[in-house]
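Values below: all heavy atoms of this structure, side chains included; hydrogens, waters and symmetry mates excluded. Numbers here are sequence positions counted from 1. No experiment lies behind these values; they were computed from the predicted model shown.
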Amino acid sequence: MSDRPHRRRLRGHTLVETTVSAGVLMTLAGGLFSMLRDSGAMFGESVRIEQQRREVDDTLARLARELEQANGDTLIVDRSAPDGDTLRLQLPLDLTANPPTFGATTDVGGRALQHPGAQVIWTTRAASGGATRTLVRRVIASDGQTLLAEEEVCSDLDLVRTDGTKSFIVDVPGNGSLATLTLRRIAFVAIDPSGSGGTSSNGDSTRCHTQTTSVRILSR
């Protein structure tokens with residue numbers, strides 16, 4: 001009996017078969033790598049956005065605590081700037097005094113110094129490059145002297161939108177019932193569709209998250 005059929009069955013793959021198989025494997029590997037890369041990028045973006053949301057939450061909570069304690073009789077909200085409001089407030093220093101004293105406190109070498117009549121100012125300013133705005137906090141004395149250097153509290157705030165929406169909004173009713181604080185922060189900057197490699201920070205294609213909190217103030 002001839003063993004030729006048996007030897008034919010043991011013969012290796014031809015060059016064409018090997019090339020085709022390698023091409024299929026490379027295509028599958030490339031697709032798998034692309035899927036892993038895209039899913040990793042999406043996960044990283046989700047983590048970044050969630051971190052930004054937490055930062056805005058922390059900022060609003062800090063603002064709310066100060067506004068809740070503020071002397072409503074000396075509270076000032078300047079809404080004249082197109083990009084964001086300015087909040088001026090005084091915090092309680094001694095509520096047992098007659099009359100109670102308000103102002104601000106600064107930390108010098110771990111020691112709290114009280115400044116009666118001083119003001120805490122929350123406002124926005126243009127960030128480096130002017131593409132976004134930054135929420136800052138500073139303390140000034142009653143004579144206008146700076147007591148505490150400007151502190152950058154929250155960055156990447158959106159510029160004023162085409163519909164007039166601001167990045168930082170303080171809404172305090174005249175009767176002092178319930179104040180509302182709003183921050184609008186960029187969550188994703190869309191790539192310029194023209195392909196020039198630029199980004200959009202002001203157009204409708206920019207994705208932002210807007211967070212709002214409400215708080216009652218001491219008196220108004």
Side-chain angles (χ1 to χ4, degrees), residues 41-70 75-91 104 106-107 118-140 146-173 178-194 196-217:
M42 290 176 62
F43 176 76
E45 181 68 17
S46 298
V47 170
R48 185 179 69 85
I49 292 175
E50 183 59 31
Q51 181 180 3
Q52 285 188 328
R53 286 200 179 100
R54 287 198 300 269
E55 290 174 357
V56 173
D57 282 339
D58 292 344
T59 301
L60 285 176
R62 180 179 176 184
L63 263 165
R65 284 193 301 269
E66 291 199 352
L67 186 57
E68 189 174 29
Q69 302 175 62
L75 189 68
I76 299 175
V77 179
D78 183 355
R79 310 198 69 179
S80 60
D83 291 332
D85 296 340
T86 295
L87 174 64
R88 293 172 176 262
L89 55 84
Q90 291 182 320
L91 298 173
T106 58
D107 184 281
Q119 288 184 323
V120 176
I121 301 177
W122 290 84
T123 189
T124 63
R125 63 163 173 76
S128 177
T132 60
R133 296 194 69 80
T134 300
L135 181 68
V136 297
R137 180 186 185 273
R138 60 178 181 268
V139 178
I140 63 170
T146 299
L147 297 174
L148 184 66
E150 186 176 89
E151 174 191 0
E152 295 187 359
V153 182
C154 190
S155 60
D156 295 330
L157 297 181
D158 193 24
L159 294 175
V160 62
R161 311 274 289 181
T162 54
D163 61 359
T165 304
K166 298 180 179 182
S167 59
F168 176 48
I169 303 172
V170 183
D171 186 14
V172 181
L178 197 65
T180 303
L181 299 166
T182 302
L183 277 180
R184 183 181 180 86
R185 193 179 196 191
I186 294 176
F188 177 78
V189 181
I191 300 300
D192 186 351
S194 66
S196 62
T199 58
S200 167
S201 63
N202 197 29
D204 293 337
S205 60
T206 304
R207 185 173 131 206
C208 295
H209 50 255
T210 301
Q211 290 163 255
T212 300
T213 188
S214 298
V215 60
R216 294 188 181 277
I217 56 179

Problem - Candidate list L183, T134, T132, L157, test side chain to side chain contact (heavy atoms under 4.5 Å, CB included), partner S167, passing option - result: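 Exactly one pass, corresponding to L157.
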Shortest non-hydrogen contact between [X] and [Y], atoms and distance:
| X | Y | answer |
| --- | --- | --- |
| V172 | V77 | CG2-CG2, 3.9 Å |
| A70 | L89 | CB-CB, 3.9 Å |
| V139 | A118 | CG1-CB, 4.5 Å |

Exercise for the section: Run the numbers on I121 and V136 for side-chain contact (heavy atoms from CB on, under 4.5 Å), then give the verdict. Expected result: CA-CA 8 Å; I121 301 177; V136 297; over 6 Å; no
Problem - By side chain to side chain contact (heavy atoms under 4.5 Å, CB included) - contacts of T180 (at least two apart) - result: D171, T182, T212, S214
Problem - All side chain to side chain contact (heavy atoms under 4.5 Å, CB included) counterparts of D57, not counting sequence neighbours - result: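 For D57, the residues satisfying side chain to side chain contact (heavy atoms under 4.5 Å, CB included) (neighbours in sequence not counted) are Q211.
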Exercise for the section: Give the intermediate values and the outcome of side-chain contact (heavy atoms from CB on, under 4.5 Å) for residues V170 and W122. Expected result: CA-CA 10 Å; V170 183; W122 290 84; over 6 Å; no
Listed by chain and number, what are the side chain to side chain donor-acceptor pair (under 3.5 Å) partners of [X], not counting sequence neighbours?
| X | result |
| --- | --- |
| T146 | none |
| T124 | R133 |
| D58 | none |

Problem - From CA spacing to verdict: side-chain contact (heavy atoms from CB on, under 4.5 Å), R137, L63 - result: CA-CA 10 Å; R137 180 186 185 273; L63 263 165; over 6 Å; no
Completion exercise
One should read off an interatomic distance between D156 CG and L135 CG, to the nearest 0.5 angstrom, of 12.0 Å
Practice task
Determine whether V120 and L148 make a side-chain contact, defined as any pair of heavy atoms from C-beta on separated by less than 4.5 Å.
Solution key: no
Problem - Pairing of D85 and K166 as salt bridge, 4.0 angstrom limit - result: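 Result for this pair is yes, salt bridge flagged.
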Practice task
Give a yes or no on whether the backbone of R62 and the side-chain of E66 come within a donor-acceptor separation of less than 3.5 Å.
Solution key: no
Practice task
Tell me, please, which residues at least two apart from E150 pass salt bridge (charged side-chain N to carboxylate O under 4.0 Å, His left out).
Solution key: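 Here the qualifying residues are R125, R138.
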